[in-house]
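Here's the structure we're looking at; comments come further down.
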Amino acid sequence: MNRLTPSTRKVVRFLALLTAAFVLAACADNAPLDTRGDNLQGPEARDIESFLRWVLWIAYAVFFAVLGVTLYAWKNFRIKTEDYEDDEFPEQISHNNTLEIAWTAAPAILLAIIAIFTIGLHQSLNSNSENPITLDVADGAGGATTVEWEPEIVVVGQQWWWEYQYHFGDVDLVAQRVETLPNADITTATQMVIPVGMEIELEITSRDVIHSHWIPSLNGKRDAVPGRQSAPWKIQADEPGVYFGQCTEFCGLSHSRMRMQVVALPEAEFQEWVTAQMQGLELSPETAAYVAELEAGATVPPANAEQRAIDTFRTKCASCHVLDGVTDGIVARPEEQLVSGAAPNLTHFATRTTFAGGIRNVYETDTGEFNRNDIAQWLRDPASIKANFTEPVSETDSRLRGMPNLGLTTEEVDDLVSLLEMTAPQEGEFEMFEFIIEETGVE
Amino acid sequence: MSVTENTDVAHDHVVDDHHDDHPSDSSYVLIALGLAFLTAVEVGLFVLEDWIGDNFGLGSVKIALVALMIIKFWIVGAYFMHLKFDNPILTQLFVFGLVLALVVYFIMLSAFEFSFWNDGLEDQGLPGGIS
Amino acid sequence: MAIIDRPLAIGAGDDAVETVDRPLGSITRPQESGTWRDWLTTVDHKKIGIMYGAAAMFFFVIGGAEALLIRLQLATPNGTLLSPEVYNQVFTMHGVTMIFLVAMPMGAAFANYLLPLQIGARDVAFPRLNALSFWVFLFGGLFLNSAWLLGGGADGGWFNYAPNSTVTFSPSHGIDFYALGLQITGVASLVGAINLITTVLNMRPKGMTLMRMPIFTWMNLVVQFLLLFAVPVISVALFELTFDRLFDANFFNTEAGADPLLWQHLFWIFGHPEVYILILPSFGIVSEVIPVFSRKPIFGYSFMVASGVAIGFMGWGVWAHHMFVSGIGPISVAAFSLSTMFIAVPTGVKILNWLATIWGGKLRFNTAMLFAVGVVSMFTIGGLSGVTHSIAPADTQQTDTYYIVAHFHYVIFGGTLLGFFSGFYFWWPKMFGYKLNEKLGKTNFWLQIVGFNVTFGPMHILGLQGMSRRIDTYDAGFGFEFWNLVATVGAFIIALGIAFFFVNVAVSRRQWIAAGKPNPGPDPWDARSLEWMTASPTPIHNFDEEITVDAPDEFWHRKYGYDTEGNVVRKATAEEVAQDGSNTNVHLPSPSYFPILLALSMPIISYGLIYSLWLCIPGGMLLVYSMVGWIFEHPDDPNAAHDDHGHDDHGDAPDELAAGDDEGELVGVGAGAPETEATNG
Amino acid sequence: MASATVAVGHGADHGHEEHETNYGMSNNKMAMWLFLSSDCLLFGALISTFLLYRTNISDGTVFTEPADVFDIPFTSLSSFVLLMSSLTMVLALSAVKRGDERNGRIWLLTTAFLGMVFIGGQVYEFTIFSAEGLQYSTNTWTSAFFTLTGFHGVHVSVGILLLMGTVFGTRNSGLGKEKSEAVELVGLYWHFVDIVWVIIFTVIYLIPIG
Ligand code: HEA
Ligand code: HEA
Ligand code: CUA
Ligand SMILES: [Cu+2]
């Protein structure tokens with residue numbers, strides 16, 4: 001090594017540093033979107049990673065072979081300018097067909113082997129196994145029934161948040177466009193809740209532009225293409241927890257702020273969650289009566305903060321959002337307001353721990369307090385949290401992309417935040433809630 | 001270059017050494033008549049499509065129409081565009097583009113699960129008959 | 001008569017020129033005046049090549065500045081330098097600028113300058129069309145960038161997926177500029193492709209068989225074929241997008257049942273051949289530089305040619321690897337996954353042949369050689385990460401992350417751009433008559449290669465850590481902070497390195513000329529191919545007389561032979577063999593105003609389409625005027641001295657938009673030259 | 001240039017070998033074929049787009065028979081006209097080649113005329129469609145259909161301009177044998193436009209869906 005020229009040494013040192021850096025970086029922790037190592041909690045993600053590792057080893061070998069030959073040549077065949085003799089020639093070898101064939105065949109064979117394993121992995125990622133789960137669900141008539149649910153969730157991307165639909169009935173989700181699907185039994189946003197240890201089939205689609213659904217610790221991504229229902233894409237989580245995701249297909253202004261999470265729960269907790277989600281909002285008797293009058297078409301002045309909030313919600317929010325039990329009589333027409341034609345269902349807003357496309361938390365992750373500040377800010381001026389278009393599409397198209405600034409007063413905002421807080425799970429209703437709240441934060 | 005070529009212009013020394021096989025005007029007319037006939041057959045097939053389809057199985061009309069199309073294409077290319085008589089490099093260049101287009105777009109349409117031969121109407125809900 | 005006019009002279013002599021009645025009052029053909037105006041009207045492939053290079057460099061600084069903005073924004077979490085709106089425009093325009101206005105035209109610059117020289121021709125087949133290509137490209141590029149001043153650039157990403165690119169989702173005019181601007185530059189590429197293919201296929205001198213052409217020429221021939229067939233595909237996609245946006249068509253209107261994947265297919269059917277359009281010129285350069293500085297012939301010439309052709313072919317069958325997660329169906333995914341992988345085989349053949357060329361050579365590590373060897377290893381990194389993408393299941397974790405960004409910067413910066421820099425240092429003396437300073441050059445190289453690895457190396461890690469691309473900012477807590485900062489630092493090291501290049505150009509020129517250094521001579525590097533067989537800088541007529549070729553590396557074989565033991569011995573010096581460029585009796589094609597005028601009409605029409613159709617009227621009039629003028633332009637400048645065998649470039653090929661022009665030209669020319677030299681002969 | 005066929009093809013006869021190109025044809029001719037080859041990809045993309053959308057009418061009605069909208073006898077007639085214009089084109093070339101300038105011009109004009117008849121038919125068809133409610137932006141099918149046939153129509157129109165240019169641009173200088181290459185190239189373009197229509201006619205008009 002000591003015969004190396006200074007610049008060669010520089011290169012060698014630099015490459016050593018670079019390699020060290022790579023190795024170090026491989027151990028980086030607290031990267032919740034990491035596609036490698038401990039962060040992986042799904043069998044698919046792990047299969048992919050372990051295969052990639054092998055290929056990366058081959059790649060390192062090929063690269064260092066190429067680099068090695070280059071450096072060797074540098075060291076041994078280099079002629080310094082001052083030593084350069086005009087009439088000194090190396091042997092003029094111009095070709096060697098055996099060699100050529102060898103180095104055509106060798107990579108081809110190597111790649112053929114990689115190809116075989118690739119196909120194997122591809123097959124296994126694209127095959128589905130049956131693992132139905134028995135759930136008690138509301139039957140719509142006040143009672144409960146039991147269904148065999150083959151876990152299957154409709155994932156709908158839109159600017160700039162994700163909707164998740166659970167259909168427990170007998171609906172062929174694959175054959176239909178999302179616009180023609182019947183109302184889902186559970187509709188939630190930004191946080192998908194799944195039972196742990198079970199293969200979940202995702203039917204991914206979009207209402208506006210192309211997005212991509214990606215939970216790196218569970219599986220690779222799959223695009224949400226409007227007008228198309230993706231071939232089923234599965235995810236599975238081994239451990240209860242919250243798994244982070246990010247929309248990865250460029251989808252316009254707030255693409256970077258279009259995140260999502262998967263909450264994996266043990267089967268019993270999942271059942272609890274389902275039961276809670278299938279109930280409407282619980283109101284005090286007076287408020288219920290007030291709502292009933294409003295629904296009947298009467299104009300009644302609100303008597304308290306809660307009723308004021310409901311009034312505001314019905315006049316300002318209900319054209320896009322739904323609050324089951326409060327806005328039943330109003331047909332929300334988000335398609336007239338929004339390019340994507342949907343806004344999150346807020347009935348169970350506070351059972352989710354993240355909002356605004358997954359970039360803000362509903363609860364402080366350290367204290368568990370309801371995050372009034374952020375939610376109030378969101379209501380006051382959504383664009384200050386997540387870039388939105390405040391202007392309509394065009395002069396002829398008055399639809400918006402994202403949540404508009406409704407010009408709410410401080411009091412209205414306050415009332416609405418309290419109303420949203422009411423949607424939180426009741427004491428003891430949802431055992432793992434604290435755990436989810438904790439897991440929601442990134443540090 | 002037709003055979004009559006070097007009779008008119010006084011100082012034209014051109015000797016037709018290798019292009020004698022260019023068709024004459026009358027053969028061009030014959031070729032055109034042939035093309036017209038093929039077109040008539042095509043339209044005839046179209047008109048009789050229902051009856052033929054019933055008797056010879058689905059797709060036979062399509063196959064026949066496509067075959068006729070290819071024949072017409074070839075005749076125009078070979079004779080009117082005299083690829084048959086020109087330097088083969090021209091045929092190679094042209095056919096390369098043509099075949100490339102066919103192959104690439106065929107693969108593209110297959111990726112849409114598009115079928116030229118049998119796109120049933122049942123899955124019309126989605127573009128190109130995909131589901 | 002010298003052969004020099006041969007390439008131009010397929011046919012009509014101009015003895016009858018003076019008898020032409022000047023039709024339709026078109027402007028007089030300009031003459032060489034020795035001023036800057038020459039550059040506007042030139043039809044000389046060398047001047048055009050240099051202008052291509054200069055324009056590409058100009059756009060490179062713009063694209064680079066955009067890159068630096070991106071890096072500044074991403075240096076820390078929650079960056080606020082750029083708003084999301086602006087960020088989206090910046091990265092889109094960065095990608096579009098770098099690909100279409102830097103890498104492609106820089107390849108065209110080298111091809112233009114070198115192809116005719118390397119095959120020993122006087123000029124390209126259609127000199128005026130060549131000028132047209134350049135001006136169309138330049139105006140297209142300026143048009144695209146003018147969007148910055150007119151309400152903001154395109155914001156849909158460089159591949160601009162529908163339906164995010166439709167009016168509903170991108171109502172500002174940015175994407176109109178994208179669609180029309182790329183359409184315009186596409187015309188330039190298509191015209192150039194037809195021109196250069198014809199040149200290479202049809203205008204080689206005696207003995208220059210295809211398998212004796214330099215590898216650079218071969219690789220560019222493949223590139224031009226790729227352009228010939230790929231450009232129409234993106235043209236159709238862009239037409240469809242334009243019609244959707246401007247005339248309410250429904251190609252990508254999902255509400256009307258359109259399928260967004262149509263855009264993806266059309267774009268990537270163009271897009272993947274495009275990446276080989278970007279890399280093959282650079283492979284060609286490396287294949288010229290390495291043998292010269294190794295003092296060995298290229299190893300496995302025929303395999304080098306064949307693998308380049310194979311890459312060109314295979315490049316057509318892999319496009320959907322950009323769509324592994326688009327939902328194209330598992331069978332398509334598997335098929336494209338496999339076809340993609342095997343592209344590594346011909347590419348590997350190239351890498352290994354370069355290594356074999358170096359092996360056992362007598363290596364001079366000049367700046368050009370450093371850059372060339374840099375390509376070999378840096379491109380390999382990018383190629384290998386490409387192979388990891390080609391594994392479809394793995395790609396589902398990688399796609400649209402910084403891992404991809406790392407891949408394509410390694411292949412494009414580490415392959416294409418380093419190759420171009422190698423070419424600059426190598427051919428600079430041939431183009432400008434002075435060498436670039438080696439010290440500054442080496443500083444340039446080391447800064448660039450170190451900066452490059454510091455910038456893009458960490459992006460592999462970021463990508464695998466799950467950092468998405470095209471995000472205007474990221475939150476703390478995802479583990480992205482450190483490497484982003486490193487990458488930003490690296491980007492500024494690159495910028496410094498490139499600044500050294502500009503300094504080098506300025507300094508070397510002054511040092512060389514002020515110091516009165518002698519001309520570097522025809523062959524400063526002891527090179528092998530024909531362009532070195534004429535004076536430096538290349539005389540305007542290229543060669544004094546036609547070269548008859550007996551072997552690949554003809555020039556080398558004229559300088560050197562073998563003794564009985566097979567050792568190389570010098571037969572002659574370069575000066576003895578090379579032509580001195582003193583022939584003044586060579587007829588040159590006359591300059592013309594019409595290429596630039598015709599090109600100018602395209603952005604005018606495009607502005608008209610965007611803002612007011614009224615503007616299309618003057619644009620269209622300019623278009624028609626310049627076409628008609630072009631057609632009826634004097635085949636030659638009647639005042640310029642010329643020998644009686646003079647010929648003009650009166651053969652031009654039709655291009656898509658101007659199909660009218662050239663046919664007419666034939667007629668026009670014929671009008672002036674009823675008799676041919678040959679028939680009079 | 002115009003006489004390249006003469007000069008180049010037979011350069012050897014005159015001892016002007018240096019004028020011979022590598023493939024023995026003029027650059028113009030090679031360039032024209034390259035352009036046509038490239039145009040295959042252009043029309044291929046347009047045809048593929050049409051095929052993709054050909055069953056796709058968003059208001060819920062679906063084509064079962066192209067005949068519902070197409071007037072096949074009419075289109076057959078205009079296809080026939082275009083086909084015959086290819087014949088007149090070769091006759092024009094043949095006349096010019098043997099130095100028969102008068103007939104050359106007549107045939108060229110006939111070709112242009114037939115082309116105009118075809119374009120006229122297309123304009124008529126478009127008007128009918130549009131009157132029946134199938135406008136450019138009605139649905140994906142109409143967009144694809146009008147764009148494809150429109151592109152073809154533009155190609156034909158350019159061909160007509162080329163033909164007229166050839167006839168009228170040579171009024172002073174004559175349309176002698178030495179111009180035959182110019183005529184030949186116009187002809188190549190013209191025939192190409194014709195074979196594209198051969199495909200369009202079959203694939204779009206004649207092949208039934210379903
Ligand atoms: C110069 C441009 C260039 C080049 C040459 C390449 C070359 C290759 N590319 Fe790359 N690619 C891009 C530019 C380029 N790419 C760009 C711009 C994008 C992103 C576009 C966007 O999304 O914005 C992209 C994206 C891209 C993707 C899509 C990723 C995604 O979005 O999900 C894929 C997937 O397969 C891919 C694969 C490859 C492969 C297999 C090669 C191969 O050709 C590489 C072959 C070379 C080698 C392998 C190295 C040398 C070989 C050896 C030493 C032999 C031994 C090797 C083995 C046995 C493995 N590329
Ligand atoms: C030829 C192709 C090319 C080249 C050379 C580059 C060069 C660079 N690119 Fe580029 N890049 C692309 C093609 C290219 N890129 C493409 C296609 C995309 C995808 C876009 C999309 O997603 O749509 C992309 C995206 C892209 C991203 C991802 C953005 C995102 O997804 O959000 C980033 C991020 O760091 C980046 C960085 C850089 C940097 C730092 C350089 C540097 O190497 C640049 C160095 C050059 C200079 C710095 C200019 C010269 C310097 C001087 C003259 C010095 C003095 C001048 C100043 C200081 C102003 N690029
Ligand atoms: Cu949604 Cu990106
Ligand atoms: Cu690719």
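Just so it is clear, the structure is predicted and the values come from calculations on it, not from any experiment. Residue numbers start from 1 in every chain, and the chains themselves are labelled A, B, ... in the order their sequence lines are given, proteins ahead of strands.
- Of the listed residues C:Thr388, C:Thr401, C:Val486, C:Asp475, the one with more heavy-atom pairs under 4.5 angstrom with chain A than any other is C:Asp475.
- Both tests do not hold together for C:Arg469 against C:Tyr402: distance to the six-membered ring centre under 6.0 Å, angle to the ring axis within 45°.
- Separation of the C:Tyr474 and C:Phe478 ring centroids does not fall under the 6.0 Å cut-off.
- For A:Val55, the part lying near chain C is the side chain, with the backbone staying farther off; criterion is any non-hydrogen pair under 4.5 Å.
- Interface remark: C:Gln398 contributes backbone and side-chain atoms alike to the contact with chain A (heavy atom separation under 4.5 Å).
- For a residue to count as touching a neighbouring chain, one of its non-hydrogen atoms must lie under 4.5 Å from one of that chain's; by this rule A:Phe51 touches chain C with the side chain only.
- Looking only at heavy-atom pairs under 4.5 Å with chain A, the residue among C:Val333, C:Thr380, C:Leu355, C:Ile358 that has the most is C:Leu355.
- Contacts with chain A were tallied for C:Gly327, C:Ala356, C:Pro297; C:Pro297 has the most, counting heavy-atom pairs under 4.5 Å.
- Judged by the 6.0 Å and 45° rule, C:Arg295 forms a cation-pi pair with A:Phe89.
- Between chain A and the residues C:Tyr560, C:Phe480, C:Phe324, the largest count of heavy-atom pairs under 4.5 Å involves C:Tyr560.
- Contacts between A:Val66 and chain C at a heavy-atom distance below 4.5 Å involve backbone atoms as well as side-chain atoms.
- The residues A:Asp83 and C:Lys362 are annotated as not salt-bridged, no charged nitrogen and carboxylate oxygen being separated by less than 4.0 angstrom.
- The greatest number of non-hydrogen atom pairs below 4.5 Å with chain C, out of A:Pro107, A:Gly252, A:Ser394, is found for A:Gly252.
- The candidate from C:Val568, C:Leu464, C:Val349 with the greatest count of non-hydrogen atom pairs under 4.5 Å with chain A is C:Leu464.
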